[in-house]
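Report on the structure given below.
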Amino acid sequence: MPVEEFVAGWISGALGLVLGHPFDTVKVRLQTQSTYRGIIDCTVKTYRHESILGFFKGMSFPIASIAVVNSVLFGVYSNALLALTATSHHERRLQPPSYTHVFIAGCTGGFLQAYCLAPFDLIKVRLQNQTEPRARHGGPPPRYRGPVHCAASIFQEEGPRGLFRGAWALTLRDTPTLGIYFVSYEWLCRQATPDGQNPSSTTVLVAGGFAGITSWVTATPLDVIKSRMQMAGLERREYQGLLDCMVSSARQEGLGVFFRGLTINSARAFPVNAVTFLSYEYLLHLWG
Ligand SMILES: CN(C)C(=N)NCCC[C@H](N)C(=O)O
C-alpha cells in the first residue's frame, strides 16, 4: 500500500487548515448561535470581545488530528482508486480513471475519515463556541480550559458515546460530498489540461478551490445539523435524532436554516482546498 499519499494528505491538510480556521470559527458561530446578524457582525464582535485569538480558538486539536483525518481521506481515496483501477497516482494522467471510480473512491475516503474526524470535530466545535475571552479577571471562566479538558469533561459528563455526538450527521455529510469533491477536482483538471499531461499549478489551485466550494455547498445543510447536534449536549436542548434536529430547526427558523454559513463556508473552501490540492500534488510529484 503506497504511504506517500497518507503523508502528503497530512501535510497539505495542515496547511489548508491554518489558512481556513478563522473562517471556520465564524461559520460555526453563525450556525449554532442566533446572536449574530451576519458574517461581518460575527467577525467584528469576535474581534472586539476576544481579539484576533478568538478566531483561532479550537485550532490546536485539529492541527494534531489533521494528521489522522486528512491522511485517511487522501490515503484511502488513492488506495481505493488503486484497488478499483490498478493504476498508481503517477499512472493516472495517462490512464485516467472513470468518474464513477473517482466517486466511489472519494465516498470511501469520506466515510472512513468521518469516524476518525468525529471526536476531534466535536471538540473543535465546542471550543469555537466558547465566546468568553481567555483571560478576563473577575468574569466567569470558560467552561473548557482547552482541548484535553474538553475531551475529558465530555467523557465524564456524557460517557464515551458523547465523544461521537453528531457522528452520524458527519458521516452522512462527508460520504457523498467527498465523492463530489474528488469528481469536481478531476473534472476541472481534465477540462484545462491536454490529454496525458499533468495539470499546471494554476489549474490545480483553481480546480482544488472550486472542488472545495462545490463540495461544501452540497455539505452545508448536513453541516448545520451536525454542528447543532454536537452543541446539543451542552445547551440542554436535546434532539431525538438527526431527523428531529432537521424538523425542529426548520420549524423554528425556516428552511433558510439549512444554508446558514454557506457564504463563509464557500469563502473558506476556496483558499483552503486550493492550497491543500496544490501541496498534495506537489509533494507526490517531489517524491515520485
Ligand atoms: C465537503 N467536505 C466535507 C469536504 N470537502 N471535506 C474535505 C475537507 C477538505 C478541507 N480540509 C476543508 O476543510 O475544506
Side-chain angles (χ1 to χ4, degrees), residues 5-6 8-28 31 56 58-59 61-78 80 102-103 105-118 120-122 124-125 128 166-188 204-227 230 258-281:
E5 277 92 347
F6 286 94
W10 164 29
I11 299 174
S12 57
L15 290 172
L17 186 115
V18 175
L19 199 69
H21 197 77
F23 295 93
D24 194 61
T25 300
V26 174
K27 176 205 82 174
V28 165
Q31 287 180 339
F56 290 93
M59 194 179 77
F61 219 44
I63 280 282
S65 67
I66 203 89
V68 184
V69 175
N70 229 53
S71 66
V72 167
L73 172 61
F74 279 84
V76 170
Y77 166 72
S78 195
V102 171
F103 184 73
C107 292
T108 314
F111 179 79
L112 291 176
Q113 71 117 40
Y115 267 85
C116 306
L117 176 63
F120 296 116
D121 192 64
L122 172 69
K124 173 188 77 79
V125 167
Q128 283 176 318
W168 182 220
L170 185 65
T171 310
L172 286 180
R173 184 197 78 177
D174 282 7
T175 306
T177 56
L178 281 156
I180 294 171
Y181 179 62
F182 286 106
V183 167
S184 323
Y185 174 71
E186 271 302 314
W187 186 81
L188 286 164
V204 169
L205 273 174
V206 174
F210 277 111
I213 293 186
T214 317
S215 62
W216 276 109
V217 166
T218 48
T220 298
L222 274 163
D223 191 46
V224 175
I225 300 305
K226 178 230 36 128
S227 300
Q230 287 172 326
F258 295 117
F259 299 98
R260 275 244 189 116
L262 181 69
T263 313
I264 187 96
N265 239 348
S266 310
R268 172 193 160 280
F270 193 93
V272 169
N273 292 287
V275 165
T276 299
F277 272 104
L278 185 68
S279 43
Y280 176 74
E281 295 283 4

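One-based numbering, in listed order, for ligands and for the atoms of each.
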Taking atom 10 (C) of ligand 1 as the reference point, the nearest protein heavy atom with its distance: N273 OD1, 3.3 Å
Considering all heavy atoms, the nearest V224-R260 contact: CG2-O, 3.6 Å
Closest protein heavy atom (residue, atom, distance) for atom 13 (O) of ligand 1: R268 NH2, 2.6 Å
Main-chain N/O of A219 paired to D223 side chain as donor or acceptor, under 3.5 Å: no
Min heavy-atom dist T177 to ligand 1 below 4.0 Å: yes
Under 3.5 Å donor-acceptor, S78 side chain and G75 backbone: no
F23, W216, Y181: member with heavy atom nearest to atom 2 (N) of ligand 1: W216
Contact check, Q113 vs ligand 1, heavy-atom distance below 4.0 Å: no
Pairwise side-chain contact, L262 with V217, heavy-atom cut-off 4.5 Å (strictly under): yes
Interfacing atoms of ligand 1 (cut-off 4.0 Å, heavy-atom, A219): 1 (C)
Contact partition for S215 relative to ligand 1, non-hydrogen atoms under 4.0 Å: both
Ligand 1 contact on L178 by region, counting heavy-atom pairs under 4.0 Å: side chain
Parallel, tilted or perpendicular, as decided by the 30° and 60° cut-offs, for the rings of F182 and F74: perpendicular
Centroid separation F270 to F23 less than 6.0 Å: no
Any N or O of T276 closer than 3.5 Å to N or O of ligand 1: no
Contacting atoms of ligand 1, where contact means under 4.0 angstrom from a heavy atom of D174: 3 (C)
Approximate separation, where rounding is to 0.5 Å, of H21 NE2 and K124 NZ: 6.5 Å
